[in-house]
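Notes follow the structure.
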Amino acid sequence: MPEPVDAVEMRTALAGLRRTSGLPVAFGGLLSDARHARIAELDGARTGALRGLVISAGSGLGGKAIALARPCAVTDYPVSRHISHEYDTAVAAEGLRSVVAVPVVVRRTVRGVLYGALRTPVSLGDRTFDAAVAAARDVEQALAVRDEVRELLDLTREQAAAGPGAAPGAGPGAGPGAWEDVREAHRELRALAPRAADPALRDALLAVCGRLASASGARATPAAVMEVRLAPREVDVVACVAAGATNAAAARQLGLRPETVKGYLRSAMRKLGAHTRLEAVVAARRAGLLP
């Protein structure tokens, strides 16, 4: 079953769908397995008839969207000949007529479905379709970030526990190249953290980053840690620099403007007492801010 924290992304997307499209009702849910989605979130509904409804792939409008992995719509749901009608009772209880359903697709796999609806039978225009697709894309991006974060967390937890020179499954004799993998994973996690919508996941991600940084062979002294306090984005930028990224490349990775990256780097260098980019990286590692 999807974790409850996924509801945050869905609720945000549904609210955005109503706001941008003008549709009075929006609802949706994620798949619990390959063929079934549960309607868990409602926005603008007058009843609870749709809540908890399990949509099977191929059944009804949402099931059709899931099966085809593309948006589908009907002008008048109760009499449409283009869908099956297993869910007519719930739809009628809410008084829905014109409905659009858009699948949430991540890495070519359908992960959920979003609906927008009117209580009058009118043809839905391009603006409505575009708003529904944009809402689904927001959920897709959030889920993709969560997936990537989880994969990196699984990888780096073992790396952090193993310490310098070790990789997942590798013994104490692993070469220095494996520790470079740890540093690269640290940089990727730092870049992903601001994109994680779930606060608990973001905190867990940053906690692992801290463990990776403290696992460095050159451990920081308490005095060094006390002396250096970098802002999170300053650490992100220095981590990118440590991986050899230019300011422009760091900006792309972090979703920032190059001028903003320059500002963070200048501030970090001043706090670290560094005069060059390399000195900043070395000082950050000595302070236990980077692995």
Side-chain contact, heavy-atom cut-off 4.5 Å: D76 with S80? no

Heavy-atom count around D33 CG within 6.0 Å, excluding the residue itself: above 12? yes

After noting the C-alpha distance and the side-chain angles of L31 and I66, does the key distance pass the side-chain contact (heavy atoms from CB on, under 4.5 Å) rule? CA-CA 9 Å; L31 269 67; I66 292 171; 4.2 Å; yes

Going by heavy atoms in the side chains, are L265 and V241 under 4.5 Å from each other? yes

Quick check on R119: does its CZ atom have over 12 non-hydrogen neighbours (other residues, nucleotides or ligands) under 6.0 Å away? yes

I would like to know whether R111 and E140 meet salt bridge (Lys or Arg N to Asp or Glu O under 4.0 Å); could you show each step before the answer? CA-CA 8 Å; R111 298 277 293 276; E140 290 168 2; over 6 Å; no

Evaluate Y115 against L42 for side-chain contact (heavy atoms from CB on, under 4.5 Å), listing each step before the verdict. CA-CA 10 Å; Y115 300 81; L42 309 175; over 6 Å; no

Hey, can you tell me if Y77 and H85 have their rings parallel, tilted or perpendicular (30° and 60° cut-offs)? perpendicular

Verdict with supporting geometry, D43 and F27, side-chain contact (heavy atoms from CB on, under 4.5 Å): CA-CA 6 Å; D43 196 316; F27 53 101; over 6 Å; no

Which is it for D236 and R233 under the salt bridge (Lys or Arg N to Asp or Glu O under 4.0 Å) test, yes or no, and what are the steps along the way? CA-CA 5 Å; D236 295 343; R233 272 312 201 186; 3.1 Å; yes

Within one Ile-Leu-Val-Met-Phe-Trp-Tyr cluster: L124 and V133, side-chain cutoff 4.5 Å: yes

Residues K271 and E234 bridged, charged N to O under 4.0 Å: yes

Hydrophobic cluster identity match, L14 and L143, side-chain contacts under 4.5 Å: yes

Taking only residues two or more places apart in sequence, or in another chain, which ones meet Y264 in a ring-ring contact (aromatic ring centres under 6.0 Å, His included)? none

Between A135 and L17, the two heavy atoms sitting closest are CB-CB, 3.9 Å

Under 4.5 Å between any side-chain heavy atoms of Q141 and E9, yes or no? no

Taking the side chain as everything from C-beta on, heavy atoms only, tell me whether L290 gets closer than 4.5 Å to V235. yes

If hydrophobic clusters are built by linking Ile, Leu, Val, Met, Phe, Trp and Tyr wherever their side-chain heavy atoms come under 4.5 Å apart, do Y87 and V100 end up in the same one? no

Starting from V282, can I reach L230 by hopping between I/L/V/M/F/W/Y residues whose side chains sit under 4.5 Å apart? no

Under a plain distance cut-off of 3.5 Å, with no hydrogens placed, do N247 and R277 share a side-chain donor-acceptor pair? yes

Test log, rule side-chain contact (heavy atoms from CB on, under 4.5 Å), inputs L23 and L118: CA-CA 6 Å; L23 294 173; L118 287 164; 3.6 Å; yes

